[in-house]
Amino acid sequence: MLALEERFPRPSVMGVVNVTPDSFSDGGVNLDPDAAAATARRMWSDGAAIVDVGGESTRPGSEGVSLDEELRRVVPVLERVAGEVPVSIDTAKAEVARRALELGAVMVNDVTAFRAEPSLADVAAELDAYVCLMHMQGEPRTMQVDPRYDDVVSEVASFLDERLRFAVARGIREDRICLDPGIGFGKTVEHNVELLRRLDVLLSLGRPLLLGLSRKSSFGKLAGDPGARTGPLGASLAAAVSAYERGATILRVHDVREHVDALAVAAALT
Ligand code: HH2
């Protein structure tokens with residue numbers, strides 16, 4: 001199997017398919033498995049390198065879902081598309097990851113970086129999956145109440161470094177792993193801006209970076225709407241191009257075609 005940076009060269013787009021009733025920007029749209037499968041196929045034909053399928057919202061304030069409910073949401077979608085479209089499973093549960101990988105998913109995207117269920121690392125190692133390890137301060141239910149850091153960039157970097165070492169110690173090959181600062185996960189607008197401005201510090205960890213910027217409210221706020229609950233498309237595109245130019249490898253997005261076009265132009269101009 002190829003190293004992650006060869007399989008997903010800069011810039012690669014990851015399309016988001018949330019099989020949930022309550023995700024912050026596309027909740028309910030893909031709850032029906034046929035609709036979700038059609039979305040995944042469209043994203044693939046629009047140029048996504050991989051499609052991230054998730055059955056649990058992690059939006060601020062959200063509660064978790066049970067194992068049975070998460071499996072009930074994602075398995076029918078994976079049965080329809082995994083093997084045909086490259087799929088990442090967005091889960092913190094080892095059993096969901098195992099089922100997804102057995103059905104043909106190639107990546108595990110865990111927003112808890114193996115803290116919720118450390119045995120998820122063993123599943124990823126055994127089934128030789130690509131892995132995304134993300135930083136989050138606190139938990140979704142309360143993470144946006146009062147996020148605080150002394151130095152957000154060095155704290156996120158040392159967290160990701162520690163989780164990278166953990167993953168490798170559990171048997172995952174380092175060249176399978178990418179890292180993600182977790183934009184909006186226990187972070188103010190200023191924290192998110194600081195992380196993006198100083199992406200070079202995270203790059204020095206030596207692994208490709210995945211960034212989820214799409215539709216996040218911070219970019220709506222930066223675009224001039226202090227009460228924004230989601231970010232408009234133009235703001236997401238600017239953030240994605242800027243992150244790419246600062247070294248990001250994979251951009252996780254809802255609007256695949258627009259991001260593929262924007263990043264193709266940005267790449268042609270570098
Ligand atoms: N953001 C979300 C979910 N999963 N995974 C990674 N690696 N990085 C991210 O930034 C990230 C993520 C939140 O976005 P979305 O999936 O649209 O919403 P929800 O969590 O409400 O389903």
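The shown structure was predicted, so the numbers you read here are calculated from the model rather than taken from an experiment. Counting convention: from 1, in listed order, for ligands and their atoms alike. Numbers here are sequence positions counted from 1.
- With a 4.5 Å cut-off on side-chain heavy atoms, Arg42 and Thr39 count as touching.
- The closest approach between a heavy atom of Arg215 and any atom of ligand 1 is not below 4.0 Å.
- Heavy atoms of Leu211 found under 4.0 angstrom from ligand 1: none, in either backbone or side chain.
- The nearest heavy-atom contact from the protein to atom 16 (O) of ligand 1 is Arg252 NH2, 2.9 Å.
- Ligand 1 is never approached by Thr20 to a heavy-atom distance shorter than 4.0 Å.
- Under a 4.0 Å criterion applied to the non-hydrogen atoms of Arg59, ligand 1 contributes the atoms 20 (O), 21 (O).
- Regarding atom 18 (O) of ligand 1, its nearest protein heavy-atom neighbour is Phe24 CD2, 3.2 Å.
- With a 4.0 Å heavy-atom cut-off, ligand 1 is reached by no atom of Leu213.
- Remark: ligand 1 atoms within the under-4.0 Å shell around heavy atoms of Ser23 are 19 (P), 21 (O), 22 (O).
- Contact annotation: for Cys132 versus ligand 1, heavy atoms closer than 4.0 Å belong to the side chain alone.
- Residue nearest to atom 1 (N) of ligand 1, selected from Lys216, Met14, Met134, Glu56: Lys216 (by heavy-atom distance).
- Looking at Asp180 against ligand 1, only its side chain comes within 4.0 Å, counting heavy atoms.
- Those atoms of ligand 1 with a heavy atom of Leu210 less than 4.0 angstrom away are 7 (N).
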